Number of protein chains: 2
Amino acid sequence: MTIRDIAEMARVSKGTVSRVLNGKPGVGEETRGRVLKLIESLDFHPNAAARGLAARRSNTIGFVIPHTGRHSLAGSFWPVLLTEIAEQAAARGMTVLLSTSRSEQEAESAFKAVLRGRRIDGAIVGAEQAGERSLAELVMRDIPFVVVGRQSEAVPWWVDVDNAAGARMAVEHLVGLGHRAIVMVAGPGHLHHVQERVRGFQLAMKAAGLDGSRVVHCPYETEAVLPAVSAAVATGRGVTAVFAAAGDLVLGSILACRQAGRPVPQATSLVAFDDHPLFAQFPSGITAVSQPLEQMGREALDMLFHLIEGREPERREVVLAPRLVARGSSALASEQAG
Amino acid sequence: MTIRDIAEMARVSKGTVSRVLNGKPGVGEETRGRVLKLIESLDFHPNAAARGLAARRSNTIGFVIPHTGRHSLAGSFWPVLLTEIAEQAAARGMTVLLSTSRSEQEAESAFKAVLRGRRIDGAIVGAEQAGERSLAELVMRDIPFVVVGRQSEAVPWWVDVDNAAGARMAVEHLVGLGHRAIVMVAGPGHLHHVQERVRGFQLAMKAAGLDGSRVVHCPYETEAVLPAVSAAVATGRGVTAVFAAAGDLVLGSILACRQAGRPVPQATSLVAFDDHPLFAQFPSGITAVSQPLEQMGREALDMLFHLIEGREPERREVVLAPRLVARGSSALASEQAG
DNA sequence: TTGAAAGCGATACCAT
DNA sequence: ATGGTATCGCTTTCAA
């Protein structure tokens, strides 16, 4: 079943069917209706390859995220964003081609596989994957892209959550509850979003007249969290609250507090950066700074579609505000056990 | 840059370049080398759409998983499997088109979007998505597919973990540690894998001469887990162990035990079905029945490629053995507190 | 408003 | 071992 069959049955030319198919003008009302009805009744869908070949458009976008074996997809950020993007792309008649891999080496080749042969019209790229080489590759192949998260300053189009503001919200929430000695558990210091969160933390602490130097850096995805945090909580005399600045650090932080004899929420308050379905499952819930993933997906796709269609996006950079979801893990300092 | 440019530069015909590109015979050694060198030095990659049109192959497979907003991708099973498949597909020169969505309604349209226009050569379908209508659609469009997990009996090709065996392993592990009163926390009873796990549990309990009737069914992704399980643990006098038969139920089960005054692992042993990176992060780790995701991905792709190439797969059904990873959450019954 | 025809960039068959 | 050419199914001028 091809466009030609439809044309013959409708007694029109292929060109006319094509116009109808693409909602283009220049087709009589009656004719359009007739063709449309035929297309629907036969559940006809034009061949994507032929379409792509003729129109030089694949109607496919690439989603390029960090090598993900256990790390990225095990968290909540990328999976949810991926879902958002897949869905919103579908709503616009686009499909999503995925580039993921377990290891760093394979990431590169997986990435290239997706770019090759003009398979995609554009790409959404995760910040960690947005290295110079990758971006150069995209530019070279003339593929528009939007980076989610920010790593390098050299990226032209990106959307990110306001990491510093999120950290500030966490601090202000805790300070508002009467906490004065707060430990921040942060990821590896070379990551941009980590730096931003630390900056936000320290600014907010300073603004409150408090000591912002209690920052513990841990690698993600490791058991190193536990000892580091419990040491910080145990030795930092008078510490009443912990700011776990990434989803991956939350569990370790909670366990560390318990291990240090200062369980959450009875003796220690905790606020997480990144929300996760599990956080609502904890006995009284875990207070979290939630990233607006749906909106991030929407904004990123918006920009990308602008770029694909050759229109300059309204903004080159989009910074979205996170939202604090208060749950039971953060309590009044005065009500905590000593 | 097209195949034609390459042909001219190499002073051969397009046909010859095409043969080289596809590693087909009928090209002189010297010629092949010359063309190959040119292709590499120019980093030429044939246009995927043109290729797909002429060869009637997209070199793309679809990955269709349950609507996943918070559920599926928040767990560990699908994300990891997706990664495996993306990577292994890439190794075979295939790319992965994704069909995901947040809600059940959107799942259907997202699914169709991927199938339309012969975009994919074949599909990997998640069991929950393998409803009659979806499969009928695939069959109708003549798209080969392999189902991961098993839901209906009507599915011709599938790969799944041996759920019953996994449950048995959990029981035997616990029994070996001296536990005699074990509660199973299971997912919704209408799911096939849940039924299988319950069956395995009960068979193993019976074989050990124990009471296999302590089965608590909970919906996934909810806070209903907590009350249900703590009730079971508290009222079931003498219960010393819990078998949390899905990753999503583990945290709730652990919290429930603590809430019932019988914390894991001090007073209650726990074994999980499904492993998760987080499980290694818990203080002493959580014992888990681990699914061989890498192997599942490989087997599923193997079958799929057979089907795509019109060769009958060696097996129509593949059942893989899970593996028990012993960690600290399961202890000798005799060493547990009262 | 509509039709006819020329590509789009590969593959594959048929000669040579 | 190679070249020439029809073909894949659609989009897009260009005429009418």
Side-chain angles (χ1 to χ4, degrees), chain A residues 1-36 38-39 42-60 93 116-121 141-142 308-310, chain B residues 1-36 38-39 42-60 93 95 115-121 141-142 308-310:
Chain A
M1 170 99 351
T2 76
I3 204 181
R4 184 179 163 168
D5 301 318
I6 303 288
E8 286 176 358
M9 300 177 77
R11 309 197 161 288
V12 294
S13 71
K14 294 193 307 174
T16 298
V17 176
S18 176
R19 277 164 220 141
V20 171
L21 231 26
N22 295 294
K24 297 211 169 163
V27 181
E29 201 51 46
E30 191 271 337
T31 313
R32 183 182 297 272
R34 183 155 38 95
V35 173
L36 227 37
L38 206 51
I39 288 174
L42 291 170
D43 191 31
F44 169 75
H45 296 282
N47 180 297
R51 224 175 185 179
L53 181 55
R56 293 104 194 285
R57 254 195 94 164
S58 59
N59 289 312
T60 301
R116 259 173 227 151
R118 300 214 76 77
R119 234 178 275 266
I120 60 177
D121 296 333
R141 295 184 199 262
D142 196 32
I308 289 176
E309 285 156 15
Chain B
M1 171 101 344
T2 75
I3 203 180
R4 184 179 162 169
D5 302 317
I6 303 287
E8 286 176 359
M9 301 177 75
R11 310 198 161 287
V12 294
S13 72
K14 294 193 309 173
T16 298
V17 176
S18 176
R19 276 165 221 140
V20 172
L21 231 25
N22 295 293
K24 296 208 171 165
V27 181
E29 200 52 44
E30 191 270 338
T31 314
R32 183 181 298 271
R34 182 154 40 94
V35 173
L36 227 37
L38 207 51
I39 288 174
L42 292 170
D43 191 31
F44 168 76
H45 295 283
N47 181 297
R51 228 177 181 175
L53 181 56
R56 290 103 195 289
R57 259 196 89 164
S58 60
N59 289 312
T60 300
T95 53
L115 302 192
R116 260 174 225 150
R118 301 214 75 77
R119 235 177 274 268
I120 61 176
D121 296 333
R141 296 184 198 260
D142 196 33
I308 288 175
E309 285 157 15

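Keep in mind the model is a prediction, meaning the values are calculated, not measured. Chain identifiers are assigned alphabetically (A, B, ...) following the order of the sequence lines, protein sequences preceding nucleic acid strands; residue numbering begins at 1 within each chain.
- Contact check, B/Thr31 against D/dT2: a side-chain N or O comes under 4.0 Å of OP1 or OP2.
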* Stepwise side chain to side chain donor-acceptor pair (under 3.5 Å) test for A/Arg51 and A/Asn22 -> CA-CA 11 Å; A/Arg51 224 175 185 179; A/Asn22 295 294; 2.9 Å; yes
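- For the pair A/Ser13 and C/dG3, the criterion of a side-chain N or O lying under 4.0 Å from OP1 or OP2 is met.
- By the 4.0 Å N-to-carboxylate-O rule, B/Asp43 lies too far from A/Arg116 to be salt-bridged with it.
- Between the CZ atom of A/Arg4 and the P atom of D/dG9 there is a distance of 10 Å, rounded to whole Å.
- Considering only the side chain of B/Ala55, C/dT11 comes nearest among D/dT12, C/dT2, C/dT11.
- Considering only side-chain N and O atoms, A/Lys24 lies under 4.0 angstrom from the phosphate OP1 or OP2 of D/dT12.
- In this entry the distance linking NZ of B/Lys14 with C1' of C/dT11 reads 9 Å, nearest Å.
- With the nearest nucleotide of DNA chain D identified for both B/Ala50 and B/Arg32, B/Arg32 has the one nearer the 5' end.
- Looking at heavy-atom distances under 4.0 Å, A/Gly28 makes contact with sugar-phosphate atoms alone, never a base.
- Atom P of nucleotide C/dT11 and atom CG of B/Leu53 are separated by 11 Å, given to the nearest angstrom.
- Contact annotation: A/Thr16 side-chain N/O to C/dT1 OP1/OP2 distance is not under 4.0 Å.
- Phosphate proximity of D/dC8 to A/Asn47: absent, as no side-chain N or O sits under 4.0 Å from OP1 or OP2.
- Residue B/Leu21 contributes atom CG, which lies 9 Å from atom C1' of C/dA10 at whole-angstrom precision.
- The CG-P distance, from A/Asn22 to D/dT11, rounds to 5 Å in whole Å.
- A/Arg57 CZ to A/Ile308 CD1: the interatomic distance, rounded to the nearest 0.5 Å, is 6.0 Å.
- Put simply, CZ on B/Arg51 is 11 Å from C1' on C/dG9, counting in whole angstrom units.
- The distance between atom CZ of B/Arg57 and atom P of C/dG9, rounded to the nearest whole Å, is 23 Å.
- Nucleic acid contact for A/Arg118: none, since no nucleic acid atom lies under 4.0 Å from a heavy atom of the residue.
- In this structure, B/Glu8 atom CD and D/dG4 atom C1' are separated by 14 Å, rounded to whole Å.
- A distance of 10.5 Å separates CZ of B/Arg32 from CG of B/Leu21, quoted to the nearest 0.5 Å.
- Remark: A/Arg19 is not in phosphate contact with D/dT11, judged by side-chain N or O atoms under 4.0 Å from OP1 or OP2.
- Here the nucleotide nearest the side chain of A/Val12, chosen from D/dT11, C/dT2, C/dG3, is C/dG3.
- Of the inter-residue distances, the one linking B/Arg119 atom CZ with A/Ser58 atom OG reads 8.5 Å to the nearest 0.5 angstrom.
- Comparing atom distances between the B/Arg56 side chain and each of D/dC8, C/dA10, D/dC10 picks out D/dC8 as nearest.
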